[in-house]
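All values below were derived from every heavy atom in this structure, side-chain atoms included, with hydrogens, water molecules and symmetry-related copies excluded.
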Number of protein chains: 2
Amino acid sequence: MTKAIDFQTDPSKYRHWRVEYDGPVANLFMDVDEDGGLFDGYQLKLNSYDLGVDIELSDIVQRMRFEHPEVKVVVMQSGKDRVFCAGANIRMLGGAAHSHKVNFCKFTNETRNTFEAAEADSGQKYIAAVKGACAGGGYELALACNHIMLTDDSSSSVALPEVPLLAVLPGTGGLTRVTDKRRVRRDLADVFCSMEEGVRGKRAQDWRLVDEVIPNSKFDETVARRAREFAAQSPKADVTQGITLGPISRTITDDAITYSLVEVALDRAGRKATITIHGPDEPAPESADALVAQGDQGYMLRLARELDDAILHLRLNEMTLGNWVFRSQGDPEAVLEHEALILDHRDHWLANEIAQYWKRVLKRIDVTSRSLVALVEHGSCFAGMLAEILWAVDRSYMMEDEFEGDNRALAAIHLSDGNFGAYPMGNDLTRLQTRFYGTPEAVGTAKEAIGEAIEAERAEELGLVTYIYDDIDWEDEIRIFLEERASFSPDAMTGMEANLRFAGPETMETRIFGRLTAWQNWIFNRPNAVGPNGALQRYGTGQRGDYDMERV
Amino acid sequence: MTKAIDFQTDPSKYRHWRVEYDGPVANLFMDVDEDGGLFDGYQLKLNSYDLGVDIELSDIVQRMRFEHPEVKVVVMQSGKDRVFCAGANIRMLGGAAHSHKVNFCKFTNETRNTFEAAEADSGQKYIAAVKGACAGGGYELALACNHIMLTDDSSSSVALPEVPLLAVLPGTGGLTRVTDKRRVRRDLADVFCSMEEGVRGKRAQDWRLVDEVIPNSKFDETVARRAREFAAQSPKADVTQGITLGPISRTITDDAITYSLVEVALDRAGRKATITIHGPDEPAPESADALVAQGDQGYMLRLARELDDAILHLRLNEMTLGNWVFRSQGDPEAVLEHEALILDHRDHWLANEIAQYWKRVLKRIDVTSRSLVALVEHGSCFAGMLAEILWAVDRSYMMEDEFEGDNRALAAIHLSDGNFGAYPMGNDLTRLQTRFYGTPEAVGTAKEAIGEAIEAERAEELGLVTYIYDDIDWEDEIRIFLEERASFSPDAMTGMEANLRFAGPETMETRIFGRLTAWQNWIFNRPNAVGPNGALQRYGTGQRGDYDMERV
């Protein structure tokens, strides 16, 4: 699995999904092309999926929000007879490297979180209409929908057979959604998660595994009626016209990825990627109508799409680049103007979508398992939503005073209202609240600094950056840090960062990325699952895995 | 490491710790005997510890509460010059099996939670008086104290060097306590946790790593004064006389462990341990004074001690027994009487200690990584605190109606006030609240059943058990379940149970056992840490670990 994975697609290229738009209701059909696997060596039978299938789904969810704001209800269903979805493809998992499995699960988790949150964020409610076997990752697709309808026939069931069948956990939030979202009683959850055959009919509803069980003869009409009802009850405003998400501008070479507003420099010897974000190249639109007119070329949306793509590309294709360095260059006031137009028009559908998208992109940074550092240099534009990056990273360095021969504007951070609520983390706190978990009064003090150009000494005093260095120390300190960090065990860094980044309260989302993912990663390393005689290798041979029976 | 580990000890056997009692202040000295390791192959230099050292500490913490209720402040300090504690012994970790490492960490975590909670539960506040190097598990000992005092000299520091030095995480809650208890700013935590040398002096206080930094010349007197001050301010009532915890009654044979009130049958072929708890063999004491007079022979305390020992023995010494079956036999009314005496006298120190101890024993069950099942048979006594076991386990089975040739009283569950608040789980909810997270009204309905003998059909209706079976199905159903469960991959069960058992809110405690432990387990399996060229094996050779630099 060495070919580069491309996260960009569009409907003309889909092989696995199709959407039928019907006014406020979209019917989304999963109809996986068996021969359309992202890699060789497996067939995507029974609507099973690999990363390629999920990249299309992610694209659909994104386009639904920007290109089809008229949609209020999405009905996720199977395009095949007798099977809803059999989950992640087992042969693909059996052949994949640990790092691919883990990053595959992370991306699929992010996609599920996105359509789950679409109802609250954008007024688009996802319904799962389940006919046929709905197992493992298939049921996890349904679990991330906010209403699950199951047909009552002799063969349709929901199941999480991973534990008994494959000796791994459901990989995309299944266990957590069963207990925390569906709130299934824990002993029933234990029974459910340890039975291969799953649960069907009335029992599935009694156990809270689905919301409705419907006689098969009335299933389709009931689903259609329910979709219309939800659409009619939706508080979402009517919007008739979306914008088109065209291809992003991107050039990939051996040592760089270049977008219109983002540059990524790849330093494989130094094990780092430097991500430079540019400020606006055009004035902010003056109204929501002007924002719509700009479409996918507006600064805020274009930058979010490019940054999102860069993050995904680096995560899956550049796994040895353990350090990511975030830089910015540009006019901070211009960034603030673009952000202000968005934040001032949160009741406008497109402004809202762009703000919600920034929330998601910033969350992707939060859960990226790389050491993240930000450099606040002269000429930089860490302002508003870009300042969030300073608190998403593990640590930050800022230039203090003038540097010899450097004529750029002195490094300064600019806060906006957006930093105090527009982009919450997975733990439902802002990044500043999380940062100042021990000194909550510091959040208020920072808020009073909105409008200031916060230079180094003041930024340190406010606790907004980790280190400030002047011309004499800057280069050495950063070099030493990056060299040292690059020498540490990547596993230990991953574990450390996963624990330090999310102080305070946990949510279903943080539990999925923190608790559930960690246990799954552990199991994904154990011979019982992935060894030559483990369950994943033996899947399909009729032989169960050969297990070491010692409990850990 | 195959010799049986004994969790029973007493002060006459201590090799590593000593306590000087001084009225309301106890001075606890860690002074590890280098040659006193639990296993061969390593020396416990620099006050480093292994499980044997921690078993003594756990015993001290327990005796402090029962034998020395006069103590209000415990000062944890080093008995050696120049080093407070160097943490868990690295050579021991390097040589230990994965299962030993994980269970070692679990026990040490439980001990730290216990002395951390001693202030809230029993009015005994632990202070760490840190002189000399305080690194890794050493700093984690300090972190679990509720006040940390650091001397200001050129060499005393606090550090978590695990990540840079050993490529593993601090194993006993360090990362979580840094962010959640000490509330260190996350970028400073990142800096702190990736520097070998740690932080000393004023910076340690500025970063919230310690509470006080004191000039070395005034350290001892300041610690003594602070201890007296805390003791004087303590709301704990004055108690002059404790009770003595004598040896427990225990016989270990090849296939059984027999206590006075607990029997454990070991079935290695079937990979299960059956734990039978007996009801009271004597009437409940009639007053708190009578409870004191019974001392360590009273039913509630004796049973808690025996059950606690059985749990620890099975966890560390019988790792292939993946299923634990809890049974009980006895008079449920008698159990309720014993429990009522305790709960009715929560303002009496000993009654309080016994209730708090039951809370801890039940929490040990919650975090035990074995598949847990309870059988509610005829003649059983799952009442009050013993009924908690039914909701600590993963699932439960209950006998319905009369069984042929069985003259015992019909199986019935008895609830008490204790089930609605006396024994909270680590997530701060009761087990019934956690169980009924999806149907909170069911907790109230259950509460109305206090006083009833709840037989099978009613227990099922109330949601208190998973399955009820009559004479025809009972034996087969349980046999099939246990055989099936014993055939599953133990790793998958561990991961599944760790995720299903704790619905809802998380606390520092659940985050330590859930998120932190899972990441540590993952790292403990990775070649970068434990492989032949990994950091743990190379420790002390002057060579850093040879790392696979791919990020996962």
Side-chain angles (χ1 to χ4, degrees), chain A residues 98-99 102 163-164 167-169 175-176 179-180 183-187 189-191 193 208 271 319-320 322 369-370 394-396 435 437-438 463 466 488-492 494-496 498-501 503 506 514-516 518-523 525-526 528-529 535 545 547 549-552, chain B residues 98-99 102 163-164 167-169 175-176 179-180 183-187 189-191 193 208 271 319-320 322 369-370 394-396 435 437-438 463 466 488-492 494-496 498-501 503 506 514-516 518-523 525-526 528-529 535 545 547 549-552:
Chain A
H98 183 56
S99 52
V102 171
V163 165
V168 301
L169 302 186
L175 299 182
T176 309
T179 55
D180 282 38
R183 302 194 175 198
V184 174
R185 220 175 70 199
R186 57 167 279 201
D187 57 339
D190 180 271
V191 173
C193 299
R208 307 172 62 95
R271 297 200 191 99
M319 297 204 186
T320 62
S369 101
R370 299 290 196 283
D394 298 303
R395 61 171 82 176
S396 57
R435 183 176 184 83
Y437 188 56
T466 315
F488 291 157
S489 163
D491 303 333
T494 293
M496 182 181 92
N499 282 283
L500 294 182
R501 286 183 188 168
E506 298 243 7
R515 177 186 278 259
L516 180 63
W519 286 108
Q520 177 77 312
N521 287 2
W522 173 68
I523 292 166
N525 251 279
R526 302 273 293 163
N528 285 357
Y547 301 142
M549 282 300 173
E550 194 170 77
R551 266 285 187 144
V552 172
Chain B
H98 182 57
S99 53
V102 171
V163 165
V168 300
L169 302 186
L175 299 181
T176 309
T179 55
D180 283 37
R183 303 193 176 200
V184 175
R185 218 175 71 198
R186 57 167 280 199
D187 57 339
D190 181 90
V191 173
C193 298
R208 307 172 63 95
R271 297 199 192 98
M319 297 203 184
T320 62
S369 99
R370 298 290 195 283
D394 298 302
R395 60 170 84 175
S396 58
R435 183 176 184 83
Y437 188 57
T466 315
F488 292 156
S489 163
D491 304 332
T494 293
M496 180 181 93
N499 282 282
L500 294 182
R501 286 183 187 168
E506 298 244 6
R515 176 186 280 258
L516 180 63
W519 286 108
Q520 177 77 314
N521 288 2
W522 173 68
I523 292 165
N525 250 280
R526 301 274 293 164
N528 285 356
Y547 302 142
M549 282 300 173
E550 193 170 78
R551 268 285 189 142
V552 173

**Q** Top residue by heavy-atom pair count (under 4.5 Å) with chain B, among A:C193, A:G514, A:A503, A:G322?
**A**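 Of the candidates given, the most pairs with chain B belong to A:G514.
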**Q** With a 4.5 Å cut-off on heavy-atom pairs, point out which of A:Q520, A:R271, A:R551, A:R370 contacts chain B the most.
**A**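 Of the candidates given, the most pairs with chain B belong to A:R551.
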**Q** Heavy-atom pairs under 4.5 Å with chain A - which of B:V184, B:D394, B:L175 has more of them than the others?
**A**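 Option with the top pair count is B:D394.
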**Q** Using modelled atom types only, decide if a donor and an acceptor are shared between the side chain of B:R515 and the backbone of A:A498 within a distance under 3.5 Å.
**A**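 Yes, B:R515 side chain to A:A498 backbone: donor-acceptor pair under 3.5 Å.
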**Q** Could you have a look at A:V191, A:T320, A:T179 and say which one has the most heavy-atom pairs with chain B under 4.5 angstrom?
**A**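 Maximum pair count with chain B is reached by A:V191.
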**Q** Counting heavy-atom pairs closer than 4.5 Å to chain B, which one of A:S396, A:G463, A:A189 comes out on top?
**A**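 Greatest number of close heavy-atom pairs with chain B: A:G463.
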**Q** With no hydrogens and no angle check, is any side-chain donor or acceptor of A:S369 less than 3.5 Å from a backbone partner on B:V552?
**A**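 It does hold such a pair.
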**Q** If you compare all heavy atoms of B:N528 against all heavy atoms of A:P490, which two are closest, and at what distance to 0.1 Å?
**A**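 It is ND2-CD, 3.5 Å.
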**Q** Who among B:N499, B:V163, B:V102 has the most heavy-atom pairs with chain A under 4.5 Å?
**A**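 Heavy-atom pair counts peak at B:N499.
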**Q** Which atom pair, heavy atoms only, marks the closest approach of A:S489 to B:Y547?
**A**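 Closest heavy-atom pair between A:S489 and B:Y547: N-CE1, 3.3 Å.
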**Q** Using side-chain heavy atoms (C-beta onward) and a distance below 4.5 Å, is B:D187 in contact with A:R435?
**A**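 In contact.
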**Q** Please look at B:R185 and chain A and tell me whether the side chain, the backbone, both or neither of the residue comes under 4.5 angstrom of a heavy atom of that chain.
**A**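 Backbone plus side chain of B:R185, per the 4.5 Å heavy-atom cut-off to chain A.
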**Q** For the candidates A:M319, A:R186, A:E550, which exhibits the highest count of non-hydrogen atom pairs separated by less than 4.5 Å from chain B?
**A**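 Heavy-atom pair counts peak at A:R186.
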**Q** For residues B:R501 and A:D190, determine if any side-chain heavy atom of one lies less than 4.5 Å from a side-chain heavy atom of the other.
**A**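 No, every pair of side-chain atoms sits at 4.5 Å or beyond.
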**Q** Would A:N525 and B:N525 count as having a side-chain donor-acceptor pair, cut-off 3.5 Å?
**A**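 Checked: A:N525/B:N525 side chains show no N/O donor-acceptor pair below 3.5 Å.
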**Q** Under 4.5 Å heavy-atom distance to chain A, tell me which part of B:L516 shows up: side chain, backbone, both or neither.
**A**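 For B:L516, heavy atoms of backbone and side chain both lie under 4.5 Å from chain A.
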**Q** Relative to chain A, which of B:V168, B:I523, B:T494 shows the most heavy atom pairs under 4.5 Å?
**A**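 Max contact count across the listed options: B:T494.
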**Q** Quick one, B:W522 and A:D491 - any side-chain contact, counting heavy atoms below 4.5 Å?
**A**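 The answer is yes, as the side chains (C-beta and beyond) meet within the 4.5 Å cut-off.
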**Q** I need the minimum non-hydrogen distance between A:L169 and B:A492, along with the two atoms involved.
**A**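 Minimum heavy-atom separation between A:L169 and B:A492: CD2-O, 3.6 Å.
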